[in-house]
Amino acid sequence: MKQYAVIGLGRFGRSMVQTLREMGCDVLGIDSNEDRVEAVVDIATHAVQADTTDEETLKELGIRNFDIVIVAIGKDIKASILTTVLVKELGVKLVIAKALSDLHGKVLERVGADRVVYPEREMAIRVAHNIESGNVLDYIELSRDHSIVEVKAKPEYYEKTLAKLDFRARYGISIMAIKRENGDIIVGPGGETVIMSKDIIVAMGTKDKLRMIE
Ligand code: ATP
């Protein structure tokens, strides 16, 4: 089983600990603030109070033995960057770091973060798409041009096959999955799949083309 450590137990870090635990993973929660540590003792596999900008402390915690480390420190940019550098230098293979701004994110990438997440911005984009088109249930940005959307099927698609609708040739959109009202999920649906009323479509494509089905 993969071993996770989450450093920084604010709202983001705590939610991360909780979700990973619910998924059955082992998670060590670390924060320099005693109250923040206290708040996750019942959720995390282990929780410790430590300043992760101190190399010796990280060594004592055996941080290099963790498969994935999530640096969820935000406001204290110096601590976020120092922690990311040290954790990477100590040999952790996959380090995911939270950034509060573009510049912060760029620096985290420079110092070795394998992935940088921007929780506020990513959530704002999802919510904006959801509000703007009541059909969009979820939205994931893949790159500047491409995204994945989860949308309610438009009534004009009902009772038609994917071959007939031909999203790929018409818009370059790939249908990755279809969720039925009864909870069934068809992954990688073929051309013969018929869209039913209340279906939810998970589609990938360029942002401008996806607007056609949102
Ligand atoms: P969120 O937006 O996730 O709620 P936050 O607003 O509480 O976060 P952040 O600045 O993102 O604040 O910090 C997250 C956590 O990181 C805090 O609980 C803070 O105590 C912890 N933290 C900051 N510096 C260090 C450090 N050097 N070592 C360990 N934990 C730290």
Side-chain angles (χ1 to χ4, degrees), residues 1-131 136-142 147-148:
M1 198 201 291
K2 285 210 171 75
Q3 302 291 315
Y4 289 82
V6 176
I7 301 176
L9 302 169
R11 288 159 300 176
F12 180 79
R14 200 168 49 242
S15 299
M16 187 65 82
V17 170
Q18 186 159 10
T19 309
L20 289 168
R21 285 295 291 147
E22 282 164 9
M23 290 162 72
C25 306
D26 270 340
V27 188
L28 168 68
I30 309 169
D31 201 294
S32 50
N33 177 314
E34 191 182 350
D35 295 339
R36 294 275 167 105
V37 175
E38 202 55 44
V40 302
V41 265
D42 293 335
I43 320 171
T45 318
H46 298 286
V48 294
Q49 184 185 0
D51 179 352
T52 55
T53 59
D54 182 62
E55 188 169 1
E56 284 311 310
T57 306
L58 286 174
K59 281 185 184 160
E60 279 162 25
L61 287 170
I63 204 78
R64 57 183 288 275
N65 300 318
F66 287 82
D67 302 291
I68 301 174
V69 173
I70 295 134
V71 181
I73 302 171
K75 285 197 232 49
D76 188 343
I77 293 188
K78 194 170 144 204
S80 144
I81 294 166
L82 275 176
T83 299
T84 304
V85 174
L86 290 174
V87 167
K88 226 26 227 180
E89 269 187 15
L90 288 170
V92 175
K93 288 261 167 1
L94 186 56
V95 176
I96 297 160
K98 169 179 109 167
L100 298 188
S101 67
D102 278 340
L103 185 57
H104 183 190
K106 270 188 201 151
V107 177
L108 289 171
E109 272 174 23
R110 284 276 172 86
V111 300
D114 299 286
R115 194 174 151 202
V116 176
V117 291
Y118 302 83
E120 268 98 3
R121 182 197 305 167
E122 283 163 20
M123 189 46 77
I125 292 172
R126 283 184 185 197
V127 174
H129 277 266
N130 178 271
I131 296 168
V136 178
L137 304 172
D138 205 352
Y139 182 94
I140 299 168
E141 197 166 56
L142 293 178
S147 354
I148 295 177

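The shown structure was predicted, so the numbers you read here are calculated from the model rather than taken from an experiment. Read the numbers this way: they start at 1 and go in the same order the structure lists the ligands and their atoms.
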- Hey, is the main chain of Arg14 close enough, under 3.5 Å, to the side chain of Gln18 for a donor-acceptor pair? no
Expected contact list for ligand 1 at under 4.0 angstrom, heavy-atom basis, is Gly8, Leu9, Gly10, Arg11, Phe12, Asp31, Ser32, Asn33, Arg36, Ala50, Asp51, Thr52, Thr53, Ala72, Ile73, Gly74, Lys75, Asp76, Ala79, Lys98
* Asked: Is the CD atom of Glu122 crowded by more than 12 outside heavy atoms at less than 6.0 Å?
  -> yes
Worksheet item: Does some side-chain heavy atom of Glu55 sit less than 4.5 Å from a side-chain heavy atom of Leu90?
Response: yes
>> Using a strict threshold of under 4.0 Å (side-chain N to carboxylate O), is an ion pair present between Lys88 and Asp114?
In response: yes
So that I can tick it off, tell me whether Asp42 and Arg21 are bridged by a salt bridge, with the cut-off set at under 4.0 angstrom between side-chain N and carboxylate O. no
| query | Taking C-beta and beyond as the side chain, do Ile7 and Val87 meet within less than 4.5 Å on heavy atoms? | reply | yes
